[in-house]
Amino acid sequence: MPRVCHKNVSHVRVWEAGGVNRLGGATSPYLRQHADNPVAWRQWDAEALAEAAARDVPILLSIGYASCHWCHVMAHESFEDEATAAVMNANFVCVKVDREERPDLDAVYMAATVAMTGQGGWPMTCFLTPAGDPFYCGTYYPKEPRGGMPSFTQLLEAVRETWRNRRGEVNEAAGQVVAALRSQADGLPETDASVTPELLEQAVAAVIRDVDSRNGGFGGAPKFPPSALLEGLLRHVERTGDEQALAAAALTAEAMARGGIYDQLRGGFARYSVDAAWVVPHFEKMLYDNAQLLRVYGHLARRFSNVTVGQLGSSSVRVAAETARFLIDDLGTAEGGFASAFDADTHLEPGAPGVEGATYVWTPEQLRDTLGADDGDWAATFFNVTAEGTFEHGSSVLTRYRDPEDPERFERIRERLRAARDRRPQPDRDDKVVTAWNGIAITALAEAGAALGHSEWVEAAAGCARYLLAEHVQGDRVVRASLGGVAGSAPGVLEDYAWLVTGLLALYQATGDPQWLAPAERLLDAAIELFADSAQSGSWFDTAVDAESLVTRPRDPFDGATPAGASALAEALLTASVLTGAERAGRYRALADATLTRGAIVLARAARSGGHWLAVAEAALAGPIQVAVALPDDAEAVELLTAARRFAPGGSAVLAGQENSSPLLIDRPPVAGRSAAYVCHGTVCDLPVTEPAALVDALNAVR
C-alpha cells in the first residue's frame with residue numbers, strides 16, 4: 001500500500017540556513033505542527049509566488065493534514081532535519097498547505113499529481129513554477145532511498161539541477177500539465193441521461209454488483225466507509241422495497257459496527273480499514289466520517305429496526321447513540337463547534353515520532369493486567385484479542401462479532417477498559433472547525449435527535465449552528481474554518497455553503513423555530529450567485545466567482561469521502577424548495593432539477609462515486625415527501641410528530657406548527673380541533689389524518 005494517508009506554537013523562528021518560518025500564527029493546527037521545523041515554511045499567498053519569481057527558484061508545495069500518519073513520518077524524517085531543510089531553503093520557496101483549510105488548492109494539485117503519477121495521497125509534494133504551474137508532483141518521499149523511491153534530498157537535488165540547467169523542459173512539462181488540467185475543467189457534459197426510476201435502478205444494480213457479500217462494503221482493501229452510498233441505498237429501499245439494496249446496506253453497516261474500524265470502547269469510526277474485513281483501521285477519526293455515519297445509523301435505527309440481518313436492529317440504535325456521544329463529548333469544542341479529527345498517531349515519548357494506533361490496541365497480557373485474570377481472559381475472547389495479534393507487535397484491535405450473553409458484565413468490563421485507555425497517552429486533536437463538516441454534523445444530530453427522541457443532540461446541533469452563524473458567516477459570505485473561536489482567512493467553498501444551509505434547514509424542521517430558515521435562505525441565495533456556471537444550467541464551481549485565480553477553477557462532481565459540492569447543493573436546493581415561500585420555491589426546485597439532471601451522468605457511468613447524488617435523486621423522485629403537522633393553539637402533537645419523524649423516508653421534509661406559521665403550513669389547519677398531519681409528495685397531497693397509525697399507513701403507501 002502506498003505510504004500516503006503536536007504542538008501549537010505562536011512564535012516565528014529564523015533559521016541560519018536562511019529564511020523565516022512563518023507558520024506560528026496560522027489558524028491551522030497542521031501548519032502549526034510545522035512551525036518549529038528548520039524549514040522556512042510560509043503559507044500560500046501572493047507574496048510566496050512573488051518571492052519565488054524574485055529569487056528565480058521553484059515553489060516546493062507540501063500539502064497534508066493534521067491527522068495524517070505519513071505526513072508525520074515525512075516531517076520527522078525530512079522537515080525536522082537541519083541538513084535537508086538547508087537544501088530546501090536555499091533552492092526553493094517552501095509553502096505548507098492544510099488540505100482541509102484549502103480544498104481548492106488540494107483539488108488542483110491533487111489532479112496534477114494523479115495525472116503525473118497515476119495515484120494520489122498525502123503528504124503531497126509538488127514543485128511549481130513561480131506562476132503556480134506544476135511541473136513535478138509526487139506524494140511521500142523517504143529520508144533514504146528504498147523500494148525504488150529516491151530519497152527526498154535526491155529528489156530536491158534533481159529538481160534543482162533541472163530548474164537551473166534544463167529550464168525549457170520544465171516549462172514544457174508545466175505547460176502540458178496545465179493544458180491537461182484545463183481540458184478536464186469543463187464540468188459535467190450535457191447528456192441524454194436524466195433522473196428516472198430506470199436510471200436509479202440501474203445505478204443501484206451496478207453498486208450491488210460490487211458488494212463484498214462476505215464482509216460488506218464495496219470492492220476490496222483498503223475499505224472506506226461508503227457513508228453517502230449507504231444513505232442513497234436506504235432511500236432507494238424506502239421508495240422501491242428493493243431487498244438486495246437493503247441487504248447490501250445492512251450487511252455493510254453491521255460489518256463496520258462489529259469491526260475494528262469502529263471504536264468498541266468509546267464509539268466513533270476510523271477513516272478506513274486497511275483490510276477487507278474492517279478489522280484493522282487507519283486510526284485517524286474524522287468528523288466528516290462520523291457525522292455522515294450518524295445520519296446513516298440514525299436512519300437505520302428509525303426506519304429499519306426490525307430488519308433481521310445479523311443484529312442490525314439493536315446495533316444501529318446503539319451505534320447511532322454512541323456516535324452522537326462521540327461527536328458531542330470527544331469532538332465538541334469550547335465554542336460550540338466540532339473539531340476536525342483525532343490523529344492516527346500517539347506520542348508516547350516527548351520529541352519522539354508518534355506511534356500509529358498506540359492508544360487503541362491491546363494484548364492479552366494488558367487485558368489481564370487491567371481486569372484481572374478471569375475478566376481479562378473473558379475480554380480477550382469476546383473482543384478477539386489473541387497472542388498473535390491482529391495489528392503490530394502482537395497487539396490487537398478490539399472487534400465485536402457477537403452480543404454479550406451477560407450485558408451487565410460486558411458494560412462493567414467495557415467501562416474499566418475505557419477508563420484504563422483514557423489514562424494512556426492520547427492522540428492529538430485537530431481543533432480546526434470546518435464549516436462544511438460541521439454542517440453535516442448539524443444535519444445528522446438534528447435529524448437523528450428529533451427522530452430518536454434525543455433532545456440533547458438537537459441542542460448540540462443548535463449550539464454549533466449558533467457558533468457558525470456568529471463566527472463563520474460574515475454578511476452573506478462564509479469562511480472555511482476557525483480555530484479557538486478565531487475565523488481563518490480562507491473563503492468558504494461550495495460545500496461549506498451547501499452543508500451549512502442543509503444543517504440549518506434540518507434544525508428548522510427539528511425545532512420548528514423560524515430563526516433557522518432566514519439565514520438558510522440568505523446563504524443559499526448567495527451560493528447560487530457565487531458558484532453557478534452561468535454558461536451551463538445546473539453546473540457549479542467549487543470556488544466562488546471572485547476567489548483566488550488558480551491554474552484552473554476547480555469543480556469535482558464525484559462524491560468521495562465527503563459528497564461533491566454540487567450534490568450537496570442539490571440537497572440544499574431540494575429541501576429548501578419545499579420549506580421556503582413561493583417567491584423562492586420555484587427557483588430552488590428548478591435549480592435542484594437542473595443540477596440532478598447534470599449529475600445523472602455520474603449515476604449512469606460511475607454509480608459508486610455518486611452515493612449522495614443517488615440519495616438526493618431518490619428524494620426528488622419521491623416528491624420530496626412533505627409532512628406538515630398542523631397544531632391547534634397552545635397544543636402539541638407529540639404522537640403525530642413522532643410518527644412522522646420516524647416513518648418519513650430519508651430526504652422528506654417534516655415540520656410542525658400552527659396554521660400559516662410557515663410556508664409548509666399555509667392553509668393547513670387542524671381538523672375538528674385536533675392536530676392533523678398533511679402528507680404530500682411533490683404537488684400531490686393526501687387528505688389530512690389525525691391518528692398516528694393512519695399517518696404511518698399514509699407514509700408507507702407513498703412507495
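The figures here come from the full heavy-atom set of this structure, side chains too, leaving out hydrogens, waters and symmetry mates.
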Parallel, tilted or perpendicular: rings of Tyr297 and Phe269 (30°, 60°): parallel
Among Asn290, Asp330, Asp263, side chain to side chain donor-acceptor pair (under 3.5 Å) partner for Lys285: Asp263
Short side-chain to backbone donor-acceptor contact, Ser315 and Glu254, under 3.5 Å: no
Side-chain (Arg414) to main-chain (Gln264) donor-acceptor, under 3.5 angstrom: yes
Aromatic plane relationship, Phe382 with Phe410 - under 30° parallel, 30 to 60° tilted, over 60° perpendicular: tilted
Flag if over 12 foreign heavy atoms under 6.0 Å of CD, Glu408: no
Spatial distance of atom CG (Leu331) from atom CE (Met286) [nearest 0.5 Å]: 10.0 Å
Ion pair check, Glu335 and Arg466, cut-off under 4.0 Å: no
Spacing of His472 atom NE2 and Asp496 atom CG [to the nearest 0.5 Å]: 9.0 Å
Minimum side-chain heavy-atom gap Gln509-Ser652 below 4.5 Å: no
Sidechain-backbone polar pair: Thr252 side chain, Gly216 backbone, donor-acceptor under 3.5 Å: no
Least distance between heavy atoms, Val478 atom then Tyr497 atom: N-OH, 3.0 Å
Stepwise side chain to side chain donor-acceptor pair (under 3.5 Å) test for Glu459 and His454: CA-CA 9 Å; Glu459 180 49 41; His454 286 274; over 6 Å; no
Donor-acceptor contact below 3.5 Å, side chain Arg646 vs main chain Leu452: no
Stepwise side chain to side chain donor-acceptor pair (under 3.5 Å) check, Glu571 with His612: CA-CA 9 Å; Glu571 177 169 18; His612 197 66; 3.0 Å; yes
Step-by-step side chain to side chain contact (heavy atoms under 4.5 Å, CB included) determination, Thr323 to Tyr262: CA-CA 10 Å; Thr323 304; Tyr262 184 68; 4.0 Å; yes
Tyr288 and its side chain to side chain contact (heavy atoms under 4.5 Å, CB included) partner, picked from Trp499, Phe338, Trp437: Trp437
Intermediate values then yes/no, salt bridge (Lys or Arg N to Asp or Glu O under 4.0 Å), Arg258 and Asp403: CA-CA 10 Å; Arg258 300 289 183 182; Asp403 284 332; 3.0 Å; yes
Close side-chain approach of Arg416 and Glu411, heavy atoms under 4.5 Å: no
Residue that, paired with Thr580, satisfies side chain to side chain donor-acceptor pair (under 3.5 Å) out of Arg587, Arg589, Glu521: Glu521
Gln515, CD atom: more than 12 neighbouring heavy atoms under 6.0 Å: yes
Which pairs of donor and acceptor atoms, one on a side chain in residues 618-628, lie under 3.5 Å apart (sequence neighbours left out)?
{"residue": "Glu618", "atom": "OE1", "partner": "Arg239", "partner atom": "NE", "Å": "2.4"}
{"residue": "Glu618", "atom": "OE1", "partner": "Arg239", "partner atom": "NH2", "Å": "3.4"}
{"residue": "Glu618", "atom": "OE2", "partner": "His236", "partner atom": "ND1", "Å": "2.5"}
{"residue": "Glu618", "atom": "OE2", "partner": "Arg239", "partner atom": "NH2", "Å": "3.4"}
{"residue": "Gln626", "atom": "NE2", "partner": "Pro624", "partner atom": "O", "Å": "3.0"}
{"residue": "Gln626", "atom": "NE2", "partner": "Gly682", "partner atom": "O", "Å": "3.0"}

With Glu447, the side chain to side chain donor-acceptor pair (under 3.5 Å) member among His299, Arg645, Arg295: Arg295
Shortest non-hydrogen contact from Gln292 toward Pro563: OE1-CD, 3.4 Å
Check: Ser661 side chain, Gly657 main-chain N or O, donor-acceptor pair, under 3.5 Å: no
Exam field: side chain Arg418 to backbone Leu265, donor-acceptor pair closer than 3.5 Å: yes
Leu665 vs Glu659, side chain to side chain contact (heavy atoms under 4.5 Å, CB included): CA-CA, chis, key distance, verdict: CA-CA 5 Å; Leu665 285 154; Glu659 181 184 10; 5.8 Å; no
Distance-minimising heavy-atom pair for Ala607 and Leu229: O-CD1, 4.2 Å
No-hydrogen, no-angle side-chain donor-acceptor test under 3.5 Å, Asp212 and Asn215: yes
Least distance between heavy atoms, Leu664 atom then Val578 atom: CD1-O, 3.3 Å
Heavy-atom pair of closest approach, residues Asn660 and Asp667: OD1-N, 2.8 Å
Under 3.5 Å donor-acceptor, Ser567 side chain and Ala564 backbone: yes
Glu639, CD: over 12 other non-hydrogen atoms inside 6.0 angstrom: no
Donor-acceptor pair, side chain of Asp559 and main chain of Trp613, under 3.5 angstrom: yes
Salt bridge (Lys or Arg N to Asp or Glu O under 4.0 Å) between Arg271 and Asp289, intermediate numbers included: CA-CA 7 Å; Arg271 182 164 170 256; Asp289 285 321; 5.4 Å; no
From Phe218 atom CZ to Asp210 atom CG, the distance as rounded to the nearest 0.5 Å: 8.5 Å
Main-chain N/O of Pro669 paired with Tyr678 side-chain donor or acceptor, under 3.5 Å: yes
Thr502 side-chain N/O to Ala498 backbone N/O, donor-acceptor pair under 3.5 Å: yes
Taking every non-hydrogen atom, the tightest pair across Val501 and Leu523: CG2-CB, 3.8 Å
Exercise: do Tyr588 and Asp525 side chains pair donor with acceptor under 3.5 Å: yes
